[in-house]
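The structure appears below as structure tokens.
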Amino acid sequence: YEEELSHDSRNYDIWFNYARLEEGALRDLREEGSTGEEEKRATNRVREVYERTVAQVLPGGEKRHWRHYISLWLYYALFEEIETKVHPSRVSAIAVLLTSRQDYERARQIYETAIRLVPHRQFTFAKLCITFARFKVRQLQLPAARKILGTAIGMCPKEALFNGYIQLEFDVRHRTLSTWARGMPETMTSSSGIGEGR
């Protein structure tokens, strides 16, 4: 991969494959029962590939050229949120909690940086904004999620953003009602209208 990238550093397909290779090596280490230090080095190799990838900023302003680039940012943020967790059997519960917060903080920074790079007045990537908003919901930060989508709609209104916002609100409402129904089933009567979906 290094040789191919030396000829074309903006070949995002190569960068994508390179990142997947390093992520696969990290997963293999985990399955083999690696030490915490080996896992940390492998995680840093994945991060290094992603950092080198996103440093290859596109010079043009055409959306079609940005698609792969933004996809790499999304994969990077998801890697930080999901794949970089410390295995609980190796460290204390406090260390797991602190590491998780750091991973979420890193993921948040990645999303914010990616969103700042996109020239939203010309075009936007609804998937990036929606994924970031859903990340905020997973962090129990619903007002921040709404602000992300509202800002994106204000800068570049497009149907996918509106649909994403509506779906997010629907999902949040559905989870709230489901939790209520499990916790207080006696209130879910037809006389309240809740059970009927009103």
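FYI, side chains are in, hydrogens and waters are out, and symmetry mates aren't considered; it's all heavy atoms of this structure.
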Nearest non-hydrogen partners of [X] and [Y], listed with the distance:
X: Tyr165; Y: Gly150; answer: CE1-N, 3.9 Å
X: Phe79; Y: Val46; answer: CZ-CG1, 3.4 Å
X: Tyr76; Y: Arg47; answer: OH-O, 4.1 Å
X: Leu161; Y: Cys156; answer: CD1-O, 3.4 Å

Practice item. Just jot down the ring pair (Phe, Tyr, Trp, His ring centres under 6.0 Å) partners of Tyr75, sequence neighbours excluded, or say none. Key: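 Testing Tyr75 for ring pair (Phe, Tyr, Trp, His ring centres under 6.0 Å), a comparison that skips the adjacent residues, returns Phe16.
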Point to revise | Set of residues satisfying salt bridge (charged side-chain N to carboxylate O under 4.0 Å, His left out) with respect to Glu51, sequence neighbours excluded | key: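 With sequence neighbours excluded, Glu51 shows a salt bridge (charged side-chain N to carboxylate O under 4.0 Å, His left out) to no residue whatsoever.
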Mind checking what makes side-chain contact (heavy atoms from CB on, under 4.5 Å) contact with [X], not counting sequence neighbours?
X: Ile166; value: none
X: Arg41; value: Glu37, Glu38, Arg45
X: Glu4; value: Ile14
X: Asp28; value: Glu31, Glu32

Practice item. Dump the intermediate steps for side-chain contact (heavy atoms from CB on, under 4.5 Å) on Glu83 and Arg27, then the final yes or no. Key: CA-CA 9 Å; Glu83 296 291 332; Arg27 278 190 292 280; 4.1 Å; yes
Rounded distance [0.5 Å steps], [atom1] in [X] versus [atom2] in [Y]:
X: Phe135; Y: Glu80; atom1: CZ; atom2: CD; answer: 10.0 Å
X: Arg52; Y: Leu5; atom1: CZ; atom2: CG; answer: 6.5 Å
X: Tyr1; Y: Glu22; atom1: OH; atom2: CD; answer: 10.0 Å
X: Leu168; Y: Asn163; atom1: CG; atom2: CG; answer: 12.5 Å

Review point. Can you list every pair that meets side-chain hydrogen bond (donor to acceptor under 3.5 Å, both in side chains) and has a residue in residues 145-154, with sequence neighbours left out?
Key: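 Non-adjacent pairs meeting side-chain hydrogen bond (donor to acceptor under 3.5 Å, both in side chains): Arg146-Glu169.
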Test of understanding: with side-chain hydrogen bond (donor to acceptor under 3.5 Å, both in side chains), list the residues that count as partners of [X], not counting sequence neighbours.
X: Glu112; answer: Arg108
X: Tyr50; answer: Glu23
X: Tyr18; answer: Glu2
X: Trp73; answer: Tyr69

**Study point:** Same apolar cluster: Val172 and Leu140, side chain cutoff 4.5 Å
**Key:**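 No; tracing contacts between hydrophobic side chains, which count when under 4.5 Å, never links both residues.
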**Study point:** ILVMFWY network linking Leu142 to Phe170, side-chain heavy atoms under 4.5 angstrom
**Key:**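 Cluster IDs for Leu142 and Phe170 differ.
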Check your understanding: Where the side chain of Trp15 meets the backbone of Ser9, is there a donor-acceptor pair that is under 3.5 Å apart?
Key -> yes
Ignoring hydrogens and angles, write down the donor-acceptor pairs under 3.5 Å from the side chains of residues 125-134, residues two or more places apart or on other chains.
from, atom 1, to, atom 2, distance (Å)
Thr131, OG1, Lys127, O, 2.6
Arg134, NH1, Asp171, OD2, 3.2
Arg134, NH2, Asp171, OD2, 2.7

